[in-house]
Amino acid sequence: MAETTAQGAQSPDTEGLLRDDSRLPRMPEPAAIVIFGASGDLTSRKLVPALYDLAASRRLPMEFAVVGISRTEMSHDEFRQKLREGLEEQRPGKISEDVWDSFSKGIFYLPGDSKEPDTYKELKDFLANLDEERGTSGNRVFYLSSSPSLFPPIVEQLGEVGMNVQEGGYSRLVIEKPFGSDLQSAQYLNQEIKRHFDESQIYRIDHYLGKETVQNILALRFANGIFEPVWNQHYVDHVQITVAESDGVGDRGAFYEEAGALRDIVQNHVMQVLCLTAMEPPVAFDADSVRAEKVKVLKAVRPIPEDEVDRYAVRGQYDSGWVWGEKVPGYREEEDVAEDSTTETYAALKLLVDNWRWAGVPFYIRSGKRLPKKSTEIAIQFKQTPHTPFVGTRNLEPNVLVIRVQPEEGVSLKIGAKVPGAGFEVSSVNMDLLYGAAFLEEAPDAYQRLLLDMMLGDPTLFIRSDEAEGAWAILQPVLDGWSENGGEIAQYPAGEWGPQEAEELLEQDGREWRRP
Amino acid sequence: MSETRQHPGGGAMSVEEIEHELGSLRADEEGQPGLRASVLNLVVVTDDDNADRVTDEVARLAGRYPSRAILLISDPDEPEPETGPALDVGLSVFCEARGGQESRVCAEQITVHAGGATAGHLESIAGPLLIPDLPVFLFYPHGFDPASPELAGMSRLADRVIVDSAASEQPGECIRAVAGMLREEESPAFGDLQWVALSPWRSLLANLFEPPERAGMLQEVERVELKHAPDGTCRALLLIGWLADSLGWTIRQATESSDGREIHFVRPDGEEVLVSVSESSEPEEYLRRIRLYAGDYSFQVSRHREQTDARTTVMHGDELVGERTVHLGALDLSVLVGEELRYRGRDTAYEGALRKAEEVLEQ
């Protein structure tokens, strides 16, 4: 097992002499970041652009290096060129030649098979050399961006050559989702990784948590005293969480066939949003406090009985239809998708959180592709007033607080207001607050935020192993139930809000879905 | 898409008329009200000569920090009319379409030309126009005079006073004035645009000494060379002041020459640090470079070919140990003011640097 504490050995007399100022951002320690699966899209589309932006904006130390590893034969220069092309696509017209020259001198590439022990011996020597030549101080980040099936062998080999050990520098492991494909595989993956890395060294990344907009859920709830008194079963009738996409699967058909909406979006993004909405206030905004409260929510979700999956869960698949004025094909007509595929592109669930705060309050969650528009929101629908004194007022609607995560981040509150004129007619009015209107600064990219947090050693916005497993545990009965049911899957026309069965999921409770 | 709407007439208006008219200006052609987003009140004090330029800059700022901006054009020499206070009010809103044109968000600007005796009581105009419950920033974009008649009343309204020390006629005049005010009890918090502009330089300098093997060298700095453009004197003084305050240097002597000044500091271990500050005749903006010497090492932050970039280097003798190029970032006035608006309360690092800079000036 690796040692858990081994940070840089800065002299206490001199540490932070010039940085002891809230206006100067914290700077990560010197480090080398090793990317496995470096020839893949994620490296050139997300990771390197985020690192470039961090370097250009002075958020990385001078002593920093990126080492890419994958099986493709490439020289350092060819790798740099490939990354440069990716950067140009992602940041058109925003690249400074001088900054790129300076940044790219710290980029290296090692061709190698991540299953072969020799690759790791070579890597270890290479990193030791970088410590000498670029001053990376023995700090290492291993970023697993390869196929998930390679995660266990990579971790195993890192452990074999001792690169998991934190002696004279830190050793951190970053794992991209998916964290397994079901509960059993997630447990296996965690077990294999923890044979070599301590949980404190592991950073499971769900980029959703890096979005400013998602973090604003916490700000809204815990920086504003007015919501807490009504944020419970006494006042809330139900909660709806929607993560809707208007896009289809595009060229990700092969991947999506294996995943589906439940694994691709619900297990991670939606469950995280559920946790942030339902969790108790943490005592501090630190990793242990926040993640402990999220895990409590996951544990409190009532297990869905395997023989009642259809009462609590609905799946659907998009058929051809019209989205934003364009005729689009059905899922089974997409590239790399089987003609008789039963993979769900839409999932809706009714979940109950059995704790003091939420007893009896259903959380309806849904996520789908080819829905009418891209939208992520949390709607808290409050109970009707117990009595209305306004004689003749009909259809008085309940208050709804909507937290919009995207596309236009903000909060809206539906309230009743008197219609001007004689009598006392009350009508619903939406009060809107657009966060973007108040803070017009450009929010950092989610990967920038998360990479920086990871290098600063702050895992608050990363997923702990029990969170990942907790989310799978909730969904496992649904996965099993759908697997047993075989070929039947409801179809919905592209451009509509899901299959009819999803409407019925709420109608059985006397409720209906909102139109985001 | 942004749009500016202005109240057609000028002249005197009551507070109620101003609020009513601003509400009308926020509405679109169909009478739909625009959202008002406000995170702060920004009160700007300027004069006739600079009013137009400041108006443009404040309008640019509204795009980044939606606020109620109250622009007070002070003209104490204007004769007092017999009919009442010499006030001339102008109103504008800056609206931006957001959310697919479905909603518009507006920031407001109230411009008041105050002449005669009224110019000495600007707080009586600004006070009633402030949006309640939001912080108040008082900004002097040009010279800052602690003896000006309106300052006491205005600074009582303000949570923070922002000055630009480089705007004073004499370099150092503003540094002395702010340092003096900060010594007073109940002084408001101050911010200086020249200090804000130093943040990237300070961060880059700090980073040079963060690797563990170099951290100790900070206490061994024996020589500093700083080169700046003629208009960068205040920035240079604050940067040296920051180093001296952070590293515990005490001033022993400072001498001025035709091309700059030499300052002798004493380190906590009793050794001397010689700081040479020189003016560059090249048309560069503010700071050109700073180089620190410690033993066989030298550490430099300098502007790169692109004026918006900076290059940092570490040398061991003649050997280049490390280098990189990064963006310094845009530092136009609206960006600098915007940065200053992010902070509340007193800035102890700034105040420490200011005190040291004042000590240098007093030598």
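What you see below is based on every heavy atom in this structure, not just the backbone, and it leaves out hydrogens, waters and symmetry mates. Reminder, nothing fancy here: chain letters follow the sequence lines and each chain counts from 1.
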Q: B/Tyr293: what forms a ring pair (Phe, Tyr, Trp, His ring centres under 6.0 Å) with it, not counting sequence neighbours?
A: none
Q: Who among A/Pro61, A/Pro30, A/Ser137, A/Gly135 has the most heavy-atom pairs with chain B under 4.5 Å?
A: A/Pro61
Q: Can you list the residues that meet the side-chain contact (heavy atoms from CB on, under 4.5 Å) rule with A/Ser57, with sequence neighbours excluded?
A: A/Arg59
Q: Top residue by heavy-atom pair count (under 4.5 Å) with chain B, among A/Met62, A/Met27, A/Glu63, A/Glu133?
A: A/Met62
Q: Under 4.0 Å between a Lys/Arg side-chain N and an Asp/Glu carboxylate O for B/Glu323 and A/Lys105?
A: yes
Q: Taking 4.5 Å as the heavy-atom cut-off, does anything in residues 189-203 of chain B contact chain A, and if so which residues?
A: B/Trp195, B/Val196, B/Ser199, B/Pro200, B/Arg202, B/Ser203
Q: Please check this pair: side chain of A/Ser104 against backbone of A/Asp101, looking for a donor-acceptor N/O pair closer than 3.5 Å.
A: yes
Q: Name the orientation class of the two ring planes belonging to A/Phe103 and A/Trp100 (parallel below 30°, tilted from 30 to 60°, perpendicular beyond 60°).
A: tilted
Q: Would a distance-only check, ignoring hydrogens and angles, find a side-chain to backbone donor-acceptor pair under 3.5 Å from B/Asp296 to B/Gly317?
A: no
Q: Counting only heavy atoms closer than 4.5 Å, note whether A/Ala56 contacts chain B via side chain, backbone, both or neither.
A: both
Q: What part of B/Leu208 lies closer than 4.5 angstrom to a heavy atom of chain A: side chain, backbone, both or neither?
A: side chain
Q: Using non-hydrogen atoms only, which part of B/Asp347 is less than 4.5 Å away from chain A: side chain, backbone, both, or neither?
A: side chain
Q: Could you tell me if B/Asp309 and A/Ser96 have a donor-acceptor pair between their side chains, going purely by distance under 3.5 Å?
A: yes
Q: Please answer whether the main-chain N or O of B/Val335 pairs with a side-chain N or O of B/Asp332 as donor and acceptor at a distance below 3.5 Å.
A: yes
Q: Which bit of B/Thr312 is near chain A, if near means a heavy-atom gap under 4.5 Å: side chain, backbone, both or neither?
A: both
Q: Measure distances from B/Arg311 to the heavy atoms of chain A and classify the residue's part below 4.5 Å as side chain, backbone, both or neither.
A: neither
Q: Can you list everything that forms a salt bridge (Lys or Arg N to Asp or Glu O under 4.0 Å) with A/Arg84? Sequence neighbours excluded, please.
A: A/Glu88, A/Glu97
